[in-house]
Amino acid sequence: MTGAKALWATLANHGITTVFGYPGGAIMPVYDALTFYPEVRHVLTRHEQGAAHAAEGWAKATGQLGVCMATSGPGATNLVTGLADAMLDSVPLLAITGNVARHLMGTDAFQEADITGITLPITKHNFVVREVEDIPRVLSEAIYIARTGRPGPVLVDIPKDVQLAAFHGELLPPLPRREALKPAPEVVERAQEVLRSARRPVMMLGGGALDAAQEVTQLARAWNVPVSTTLMGLGAFPASDPLWLGMPGMHGSVAANRAISDADVLLSIGMRFDDRVTGRVNGFAPHAQIIHVELDAAEIGKIVRTHVPVRGDAKETARALLAGAARLEHPEWDAQIAEWKSRTQTPDHWGAGYAIKAVCDRLTPDDILSSDVGQHQMIAAQEARFEKPRRWLNSGGLGTMGFGFPAAIGAALAEPGVRSVVIAGDGGFQMTAQELATLKHANIRNVKICIVNNSFLGMVRQWQELFHEKRYSEVWLGDSNPDFVKLAAAYDVPAYRATNADDLPAAIDAWLDDPNSALLEVVVPNEHGVFPMVPAGAALYEMIETEPGRTPDLSDEMEKAAEEANNA
């Protein structure tokens with residue numbers, strides 16, 4: 001057995017069934033050995049970044065480890081964005097890279113890069129395997145680290161000569177999982193005491209609460225506390241429950257942002273108080289005693305002042321808080337929240353919001369919805385209604401354009417019996433559009449791609465409109481976008497298009513009813529914004545609830561400018 005074979009045998013021993021990757025010279029022995037391990041499926045993506053995001057999609061949809069693989073140098077560095085994305089969103093990810101032979105390391109050899117040095121700040125840990133006998137141990141430790149505690153990415157770099165070396169050691173079973181961290185009883189009692197005093201309580205759930213969805217739902221109902229779920233926490237609490245307030249933050253709901261701003265007790269579970277959630281920190285929940293339940297001690301008190309810090313696993317802590325539940329009655333608070341909820345606006349005219357709502361309305365509770373990053377992401381988060389955890393996949397912390405489509409591919413392979421829908425913009429989709437080839441190569445039939453085409457980098461345009469006196473700098477895509485229907489056809493992917501509200505229902509029907517993976521392009525007016533909105537530097541209570549009045553459609557103006565530039 002070679003080191004390369006020991007690698008695949010170890011992955012198989014740890015229950016790894018699928019790896020996303022792209023071969024190259026420095027990892028060629030590993031790909032040669034792959035032919036001896038049919039129990040592990042390798043999915044050939046068309047870019048290493050696509051492999052990383054597909055592995056993230058697998059992990060986010062299942063809660064299990066995602067695995068990606070690349071060669072040295074540019075192959076390894078193309079994984080960097082995915083690793084950074086996984087680090088900020090706490091995604092369990094194992095990245096395996098090949099490197100030049102040990103005697104060439106440090107010599108600036110062909111396709112050499114110090115990938116462990118490069119990724120040190122964006123991984124939980126990384127390894128260079130310098131001895132062939134260490135391969136099973138290092139991989140076992142890497143998998144353990146990626147999955148244990150607060151999840152995250154781990155990179156293992158293996159020089160080519162180590163892959164080729166004869167292996168005479170022992171393969172190792174998985175390391176035992178660490179017992180979930182239980183909160184201290186006295187801290188739980190203090191948190192319950194504060195909750196019992198609440199007259200205007202709010203619960204906030206982040207991505208760390210997804211695997212405790214059942215427990216936190218029971219907790220909220222037992223205490224009768226309204227719940228807001230962050231962008232990463234959508235699905236941790238059922239949207240159909242009357243206690244649900246919606247999403248908080250920059251593009252959060254009126255009810256969520258107003259309730260947080262007026263709350264006297266704020267119970268937060270599994271979240272890190274990202275700036276897009278808090279707005280101006282000294283204006284965040286100014287009247288509230290904050291109870292922060294978090295597994296990672298470094299996050300407690302990092303951003304906002306915490307009155308009751310509770311370090312513990314979300315599931316274990318929710319169970320502990322539930323044990324002393326005392327239902328809170330707050331009729332005046334309920335009435336105020338109902339009034340805030342009444343301000344919710346439903347898109348009623350043709351545009352991105354109207355189209356995305358029409359798509360979201362057709363989703364079932366089992367469907368997985370991925371998004372790319374931009375206006376469509378925020379609209380989808382506002383309009384979709386998630387009843388279960390891990391049905392919403394998006395790039396939260398890093399905000400990675402190009403994430404949505406390959407993540408949907410990873411989710412589709414993780415759950416082949418489930419429809420994996422992705423909503424993308426015309427800008428972000430083109431960053432990983434080559435993964436259309438992966439649909440065909442891997443015979444993936446359950447991915448549904450919706451491109452909301454407004455001919456702009458929409459979110460950047462919205463900020464330029466509101467805060468830069470409408471100086472639209474390098475955001476117009478309409479003069480150079482491809483024909484997305486023809487692009488899909490080039491990859492043998494069925495495609496449909498809608499350009500108005502009348503055509504949309506039939507186009508959605510044809511798109512969703514197609515037995516294959518399919519693409520739907522929705523061409524919408526290009527000037528619409530996403531509201532409500534909390535401007536940068538403002539507090540949540542300073543949100544702009546409705547879209548300001550605007551000028552006519554910008555397309556004629558931009559097309560004229562593009563024509564003049566071409567003529568010049």
Side-chain angles (χ1 to χ4, degrees), residues 85 88-89 204 206-207 228-235 239 244-257 260 271 274-279 343-347 351-361 363 369-386 391-405 407-408 421-429 450-454 456-467 475 522 524-536 538 540 542-548 550:
D85 194 274
L88 279 173
D89 285 355
M204 293 183 70
S228 177
T229 44
T230 70
L231 180 70
M232 297 303 299
L234 290 172
W244 190 60
L245 299 170
M247 179 180 70
M250 179 171 283
H251 292 288
S253 71
V254 172
N257 284 347
I260 291 166
M271 57 174 290
D274 176 83
D275 62 290
R276 287 298 196 264
V277 167
T278 64
R343 301 185 196 177
T344 300
Q345 300 176 54
T346 300
Y354 183 99
I356 292 171
K357 184 180 187 304
V359 170
C360 290
D361 286 347
L363 300 179
L369 178 63
S370 304
S371 81
D372 215 85
V373 171
Q375 287 180 317
H376 59 277
Q377 175 193 27
M378 294 296 101
I379 296 171
Q382 291 172 345
E383 297 298 334
R385 296 293 179 263
F386 299 100
R391 301 296 88 180
W392 166 244
L393 316 181
N394 81 119
S395 172
L398 198 64
T400 305
M401 292 179 67
F403 167 89
F405 178 32
V421 180
V422 55
I423 294 177
D426 49 320
F429 180 76
C450 175
I451 298 176
V452 181
N453 183 0
N454 65 356
F456 267 101
L457 297 177
M459 190 63 84
V460 184
R461 184 213 56 76
Q462 179 171 337
W463 280 59
Q464 289 177 347
E465 175 186 344
L466 294 174
F467 309 118
V475 290
V522 184
V524 297
N526 47 46
E527 83 282 10
H528 290 175
V530 184
F531 291 87
M533 179 182 182
V534 178
L540 296 188
E542 296 172 309
M543 68 188 304
I544 303 169
E545 292 191 16
T546 58
E547 186 166 10
R550 58 170 52 262

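These figures come from a predicted structure and were not determined experimentally.
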In the structure I gave you, are the side-chain heavy atoms of [X] and [Y] within less than 4.5 Å of one another anywhere?
| X | Y | answer |
| --- | --- | --- |
| P347 | E383 | yes |
| E527 | N454 | no |
| Q375 | F456 | no |
| V277 | M204 | yes |
| D372 | F429 | no |
| R391 | L363 | no |
| R461 | N526 | no |

Find the distance between [atom1] ([X]) and [atom2] ([Y]) and round it off to the nearest 0.5 Å.
| X | Y | atom1 | atom2 | value |
| --- | --- | --- | --- | --- |
| I423 | N394 | CD1 | CG | 11.5 Å |
| T400 | D89 | OG1 | CG | 8.0 Å |
| L234 | W244 | CG | CH2 | 6.5 Å |
| S370 | F405 | OG | CZ | 10.5 Å |

Yes or no on side chain to side chain contact (heavy atoms under 4.5 Å, CB included) for M533 and L466, after CA distance, side-chain angles and deciding distance? CA-CA 11 Å; M533 179 182 182; L466 294 174; 3.7 Å; yes
Looking at every non-hydrogen atom in both residues, tell me the closest pair between [X] and [Y] and how far apart they are.
| X | Y | answer |
| --- | --- | --- |
| P535 | I544 | CG-CD1, 3.8 Å |
| M543 | P532 | CE-CB, 3.2 Å |
| C360 | L369 | SG-CD2, 4.3 Å |
| G235 | F386 | CA-CB, 3.8 Å |
| S228 | P248 | OG-CD, 3.0 Å |
| E545 | R343 | OE2-NH1, 2.6 Å |

Looking at residues at least two apart in the chain, or sitting in another chain, which of them share a side-chain contact (heavy atoms from CB on, under 4.5 Å) with A255?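 By the side-chain contact (heavy atoms from CB on, under 4.5 Å) rule, A255 matches L245, S253, W340, K341.
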Taking E547 for its side chain and F531 for its backbone only, find out whether a donor-acceptor pair lies under 3.5 Å.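 Side chain of E547 to backbone of F531: no pair is present.
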Starting from the C-alpha separation in whole Å, work towards a yes-or-no answer on side chain to side chain contact (heavy atoms under 4.5 Å, CB included) for M378 and M459. CA-CA 10 Å; M378 294 296 101; M459 190 63 84; 3.8 Å; yes
Check Q377, R276, H251 against L231 for a side chain to side chain contact (heavy atoms under 4.5 Å, CB included) and give me the one that passes.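 Considering Q377, R276, H251, a side chain to side chain contact (heavy atoms under 4.5 Å, CB included) with L231 is found only for Q377.
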With I356, which of V524, V452, V522 fulfils side chain to side chain contact (heavy atoms under 4.5 Å, CB included)?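 Among V524, V452, V522, the one that satisfies the side chain to side chain contact (heavy atoms under 4.5 Å, CB included) with I356 is V452.
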Go through the structure and list residues passing salt bridge (Lys or Arg N to Asp or Glu O under 4.0 Å) with D361, not counting sequence neighbours.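 Partners of D361 under the salt bridge (Lys or Arg N to Asp or Glu O under 4.0 Å) test: K357.
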